[in-house]
Undergrad: 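The following block contains the structure, expressed as structure tokens.
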Number of protein chains: 2
Amino acid sequence: MQMPVQRRTTIKDVAEAAGVGVATVSRVLSGGSASAETREKVLAAAARLDYHPSALGRNLRQRRTGGVGLLVPDITDSFYARLADGVLSCARSYGEPVTIGVTGDDPERESEMIGTLIEQSMDRVIAVPSGDGDAWDPVLRAGVNVVFASRRAEPDVPDVPAVLADDRGGVRTAVEYLTGLGHRKIAFLARRGQSQRVAAFTGALKALGVPVEDELVVHARASRDSAYAAAAGLLQRRPDVTAVLTGGNILGEAAVLAARELDVRVPRDVSLIMFDDVPWAELCSPPLTVIAQPAQDIGYRAAELVLRQGRRPRTVMLPSELVVRASCGPRRPRQ
Amino acid sequence: MQMPVQRRTTIKDVAEAAGVGVATVSRVLSGGSASAETREKVLAAAARLDYHPSALGRNLRQRRTGGVGLLVPDITDSFYARLADGVLSCARSYGEPVTIGVTGDDPERESEMIGTLIEQSMDRVIAVPSGDGDAWDPVLRAGVNVVFASRRAEPDVPDVPAVLADDRGGVRTAVEYLTGLGHRKIAFLARRGQSQRVAAFTGALKALGVPVEDELVVHARASRDSAYAAAAGLLQRRPDVTAVLTGGNILGEAAVLAARELDVRVPRDVSLIMFDDVPWAELCSPPLTVIAQPAQDIGYRAAELVLRQGRRPRTVMLPSELVVRASCGPRRPRQ
DNA sequence: CATCTGCATGGAAACGATTCCATCATCCTT
DNA sequence: AAGGATGATGGAATCGTTTCCATGCAGATG
């Protein structure tokens with residue numbers, strides 16, 4: 001049984017029903033000037049016919065698609081999910097739809113998605129940039145309003161505002177905390193694209209007079225498998241390491257699993273601090289000490305920046321916070 | 001410094017550059033018939049001008065927006081995030097953008113988002129329905145291709161296919177497992193809208209000859225707070241309960257926290273089974289026994305259904321699986 | 001040779017909104 | 001009372017595509 005598909009009621013129908021011209025209907029509906037009497041008639045007709053303006057017509061005429069595009073590396077990662085939630089929540093209050101793309105932190109896929117966005121004439125985009133800043137050139141030239149969230153592109157793209165968490169501060173606090181507990185051999189498990197955090201890490205070590213070993217900064221790709229391999233590799237290769245800082249919750253998860261698998265006790269054998277507070281950090285055994293990031297806020301603020309016209313600051317910095325639970329202890333050599 | 005915004009190159013520009021008519025360009029680019037020579041000229045011109053067709057123009061003409069709409073209760077919930085990931089991954093292979101809306105499991109918000117979808121002329125929608133099936137009437141009448149994921153609307157909407165996990169089977173296996181361990185007072189922590197699972201739960205109990213107590217089915221709203229309140233309330237009010245089944249991972253998280261707070265040991269005092277396997281279930285202390293759901297698959301299959309034309313089955317049922325870890329033990333009275 | 005078939009082609013009409021501009025009525029000012 | 005300012009109004013152009021249809025040409029068929 002096929003339901004008859006009814007033709008969409010257009011502005012023309014409303015105009016006819018109200019006995020006025022289409023221009024008048026458009027004006028009334030978008031808040032232009034009109035006499036009280038006409039306004040009445042038009043609104044009545046629109047309601048009677050259950051008229052909903054077509055975004056398509058409007059967008060074509062205005063040469064822009066309403067709504068905002070959002071590009072994140074992985075929607076399955078709690079951090080990006082919360083970020084997306086912030087964007088969605090802000091966009092909702094503006095009545096704007098949000099189109100999401102997953103880049104997998106792959107520059108090529110990112111370019112592909114950017115292409116789609118241009119094709120859609122999206123003129124407002126929030127992105128966690130994965131790759132090459134140069135990929136954003138065509139977008140900017142097309143007049144798209146871009147805001148970066150959670151990190152900048154590299155090489156950096158000037159004129160694009162960014163909403164960031166205070167990585168530097170978070171890392172410094174964490175490193176100070178660990179050295180305070182006596183740790184000297186501290187490793188950093190990073191994902192590609194976290195050069196900002198890595199820089200903050202080595203900087204903090206230097207500032208505290210702790211020798212920096214390049215080999216203690218380990219890079220993984222964005223997948224769970226790669227994260228696990230990196231974590232397990234580090235723990236096996238360097239039994240002298242007594243503390244690990246992970247650049248994200250996927251890596252933190254991998255570190256916990258790898259430690260458990262290799263029978264390395266947390267925090268007895270190694271202390272662990274994870275970037276990003278997630279609901280399960282508290283449920284974990286032991287509960288994890290984390291550097292909390294305001295993921296939802298980052299998304300919300302970025303959306304505000306992209307949706308509200310007006311002066312746009314170059315950078316909005318949001319605070320990170322060290323949340324101490326039970327995954328760190330005093331240094332005890334493992335060997 | 002303001003970058004000059006360049007005018008978009010249109011099909012007309014290409015036609016001019018290639019020395020042919022616009023109709024011909026359109027035909028060549030969308031695979032229509034044309035002589036080899038013309039095709040050559042057109043493609044060369046298009047490439048030279050870096051022409052990207054505007055989705056806006058096409059959509060208006062074809063009276064439909066490409067892409068698919070996706071409505072989920074909460075993108076922050078790992079289950080829905082994975083479901084969304086499945087949808088995104090399938091849609092990507094079709095080159096279709098995905099627009100996401102969060103309903104918060106609130107029928108009113110759902111209606112609002114449905115309104116937005118219609119306004120956008122989205123003609124393909126995947127939804128985890130929150131409320132009233134009747135809210136979907138206008139959408140269907142507008143000729144939109146809808147597929148439900150993870151659950152059906154109630155009252156059910158005929159003619160809308162659904163991709164579901166085998167709740168019934170999962171619940172039955174779990175209940176059999178618990179009764180096998182000697183449990184008789186088994187509670188179900190449900191979220192609103194999980195009547196399907198609740199029915200399966202009471203059904204399974206009946207089939208095993210265990211008396212059903214209505215009071216042991218507790219309902220919570222979609223928020224973390226509400227989930228915690230429900231879990232804590234249950235554990236305090238009914239010290240005779242020795243096993244708890246939770247209808248989702250948020251409720252599972254709440255149950256673990258509440259138990260810990262109230263000094264109820266898992267699995268010594270109560271056994272716990274959670275619906276939906278999440279990465280942290282293994283990291284939890286104790287590791288949780290769960291009913292795993294193929295969230296990503298559900299999303300992928302739903303997207304396939306909505307994107308691929310052709311015969312659409314009324315229901316696609318995907319298997320659930322009981323993953324036994326360490327959160328269940330033999331019955332030991334708490335009192 | 002006349003006609004028919006088939007194909008490539010381009011002009012023009014949609015699609016549904018916004019917005020420019022010309023028209024007209026009304027009211028105020030001098 | 002004439003002129004100008006103001007505000008409401010509707011016709012028509014526009015956005016960038018697809019698609020209908022008429023045209024013209026080439027080759028096949030009677």
Side-chain angles (χ1 to χ4, degrees), chain A residues 5-43 45-46 49-67 95 116-123 142-143, chain B residues 5-43 45-46 49-67 116 118-123 142-143:
Chain A
V5 173
Q6 61 192 6
R7 198 180 63 83
R8 191 185 179 107
T9 65
T10 75
I11 201 173
K12 212 170 157 190
D13 300 325
V14 178
E16 216 158 292
V20 300
V22 288
T24 305
V25 176
S26 172
R27 243 167 289 146
V28 168
L29 261 34
S30 48
S33 68
S35 74
E37 190 194 3
T38 328
R39 163 161 290 127
E40 191 83 7
K41 276 194 301 186
V42 169
L43 292 179
L49 298 182
D50 189 33
Y51 169 69
H52 295 268
S54 152
L56 251 43
R58 173 175 357 171
N59 291 342
L60 177 57
R61 173 62 225 241
Q62 301 184 334
R63 304 157 122 196
R64 47 169 292 255
T65 294
T116 309
L117 292 178
I118 294 189
E119 191 167 318
Q120 302 288 323
S121 306
M122 284 269 162
D123 64 346
Chain B
V5 173
Q6 59 192 11
R7 199 180 63 81
R8 193 186 179 104
T9 64
T10 73
I11 200 175
K12 213 170 155 188
D13 301 324
V14 178
E16 217 158 292
V20 301
V22 288
T24 305
V25 177
S26 173
R27 241 167 292 148
V28 168
L29 261 35
S30 47
S33 67
S35 74
E37 189 195 4
T38 340
R39 162 162 289 127
E40 191 84 8
K41 277 194 299 184
V42 169
L43 291 178
L49 299 182
D50 189 32
Y51 168 69
H52 295 268
S54 152
L56 251 42
R58 178 187 2 218
N59 291 342
L60 178 57
R61 173 61 224 237
Q62 301 185 333
R63 299 150 130 215
R64 46 169 292 255
T65 294
T116 309
I118 294 189
E119 191 166 319
Q120 302 287 324
S121 306
M122 284 270 160
D123 65 345

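Quick note on labels: first sequence line is chain A, next is B, and so on, each numbered from 1. In what follows, every heavy atom counts, from backbone to side chain, and hydrogens, waters and symmetry copies are set aside.
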Undergrad: Taking the side chain as every heavy atom from C-beta outward, state whether Leu56(A) and Thr65(B) have any pair of such atoms under 4.5 Å apart.
TA: yes
Undergrad: What string of B, S and - do you get for nucleotides 10-23 of chain C, 5' to 3', when a contact is any protein heavy atom under 4.0 Å?
TA: BB-BBBBBBB----
Undergrad: Could you pull out the closest heavy-atom pair between Val28(B) and Ala34(B), with the gap in Å?
TA: CG2-CB, 3.8 Å
Undergrad: For the residue pair Gln120(B) and Ala55(A), what are the closest heavy atoms and their distance?
TA: NE2-CB, 3.8 Å
Undergrad: Using five base pairs at each end to define the local axes, how bent is the helix from dC1(C)-dG30(D) to dT30(C)-dA1(D), to the nearest 10°?
TA: 60°
Undergrad: Give me the atom names and distance for the closest heavy-atom approach of Ser121(A) to Arg8(B).
TA: OG-NH1, 3.4 Å
Undergrad: Please check this pair: side chain of Ser30(A) against backbone of Ser26(A), looking for a donor-acceptor N/O pair closer than 3.5 Å.
TA: yes
Undergrad: At a heavy-atom distance below 4.0 Å, which nucleotide of DNA chain D is the first touched by chain B, and which is the last?
TA: dG16(D) to dT19(D)
Undergrad: Is Val42(B) close to Leu29(B) at the side-chain level, that is, under 4.5 Å between some pair of heavy atoms?
TA: yes
Undergrad: Do you know the tightest heavy-atom contact between Lys41(A) and Val20(A)?
TA: NZ-CG1, 4.2 Å
Undergrad: Are any of the side-chain heavy atoms of Thr9(A) and Val14(A) separated by less than 4.5 Å?
TA: no
Undergrad: How far does OG1 of Thr10(B) sit from CG of Leu49(B), to the nearest 0.5 angstrom?
TA: 9.5 Å
Undergrad: Looking at every non-hydrogen atom in both residues, tell me the closest pair between Arg58(B) and Glu119(A) and how far apart they are.
TA: NH2-OE2, 3.5 Å
